[in-house]
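A short worksheet on the structure shown next.
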Amino acid sequence: MKNTLIKNEHLLNLPQGELETLRTRAELHRRYSSIEFKVISCKDDTLTLRVVQDKSHAGNYFDAKRLVEIAKETFGGLGDWKRINAGPIPYNPPAPDAVTPEWIQERMQLHGLKPKAVSDETGIDRNTITAYKNGLKPLSGVVRAFWYFYFKSKQA
Amino acid sequence: MTYLIERLLQIAAANPKGFTVTIPDCKPVRSGWAIGHKETQNSFGRQGLRKVVEHSLQTTGIVGGWKGYNGRYYFDTVIIEHDASKALDLKHEHGQSAIYHLDTGRIL
């Protein structure tokens, strides 16, 4: 199976023991923080990387400075490189990510909307509206987008 | 149990890189040192998840999942410890090569 844990891992030319150490670290970053790495080049004594954080289930987001530190900590102490250059790409959440049951409740209150009114307007069953509002039904990406743009339309 | 397993499989599908939740409420764990429990190592697939859920309900009440290096989706019981020194002890007790701090991204 092609390794996608560290893109371009083959450019590192690490001995097996160090490679396993690196993969363990990278796997933990991906698992707990949705952070992944791509090797851009490994020339002379300089390692150049890209470090990207995607949407994390734990919501533990790091800024560019910390992502650079994480990259250096992950690849540090391995290989022959003396210098690590890391280009960070922090997570940039889409606006609908802000939608939570509490967010829905606040906006329904702000607009004076009851579940029946939302149901009448959107065609979505009133019980379903209530379930989303009260956190009884999980908010998928599509459902968060619906709520976000529904209330955005009320602002227009 | 069946509902909980189906819910966790939904969470795994929605979070292919990984997740850590308390059970049975399935709320995300957001802080602390995460240590994998030695008794649930190498658990994968639906059967592996069932074993992990049964174990976790009796122990920490926290389940984690992640896509491994080989592309297979693994599950385990997770121990969360906020004291670094105690977390290090747990790391050795459970034979883990590394542990992760959710708040800072540090690895020990």
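We name chains A, B, ... by the order of the sequence lines, and we start the count at 1 in each one.
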May I ask you to check whether over 12 heavy atoms, not counting those of [X], lie within 6.0 Å of atom [atom1]?
X: Arg30(B); atom1: CZ; result: yes
X: Glu102(A); atom1: CD; result: yes
X: Lys137(A); atom1: NZ; result: no

Closest contact, heavy atoms only, [X] versus [Y]:
X: Arg7(B); Y: Pro138(A); result: NH2-CB, 3.8 Å
X: Lys17(B); Y: Ser34(A); result: CD-OG, 3.8 Å
X: Tyr100(B); Y: Ser33(A); result: OH-OG, 2.7 Å

If only atom types and distance count, is the side chain of Arg106(B) paired as donor or acceptor with the main-chain N or O of Glu73(A) below 3.5 Å?
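Pair absent, no side-chain N/O of Arg106(B) close to backbone of Glu73(A).
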Donor-acceptor pair, distance only, cut-off 3.5 Å: does the side chain of Arg30(A) make one with the backbone of Gly18(B)?
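Pair absent, no side-chain N/O of Arg30(A) close to backbone of Gly18(B).
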Consider only side-chain heavy atoms of I, L, V, M, F, W and Y, link residues closer than 4.5 Å, and tell whether [X] and [Y] are in one cluster.
X: Leu57(B); Y: Phe75(B); value: yes
X: Trp33(B); Y: Leu88(B); value: yes
X: Leu19(A); Y: Phe75(A); value: yes
X: Ile62(B); Y: Tyr73(B); value: no
X: Ile6(A); Y: Val52(A); value: no

Side chain, backbone, both or neither: which part of [X] has a heavy atom under 4.5 Å from chain A?
X: Ile107(B); answer: side chain
X: Ala98(B); answer: both
X: Thr20(B); answer: both

Highest number of heavy-atom pairs under 4.5 Å with chain A among Val29(B), Val21(B), Asn15(B), Asp103(B) belongs to Asn15(B)
Could you check whether Tyr32(A) and His101(B) have their ring centres less than 6.0 Å apart?
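His101(B) vs Tyr32(A): aromatic centres not under 6.0 Å.
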Considering only heavy atoms, which portion of [X] lies under 4.5 Å from any heavy atom of chain B: side chain, backbone, both, or neither?
X: Arg66(A); value: side chain
X: Leu28(A); value: both
X: Thr24(A); value: side chain

Drop me the distance from Asn60(A)'s CG to Thr104(B)'s OG1, to the nearest 0.5 angstrom.
9.5 Å
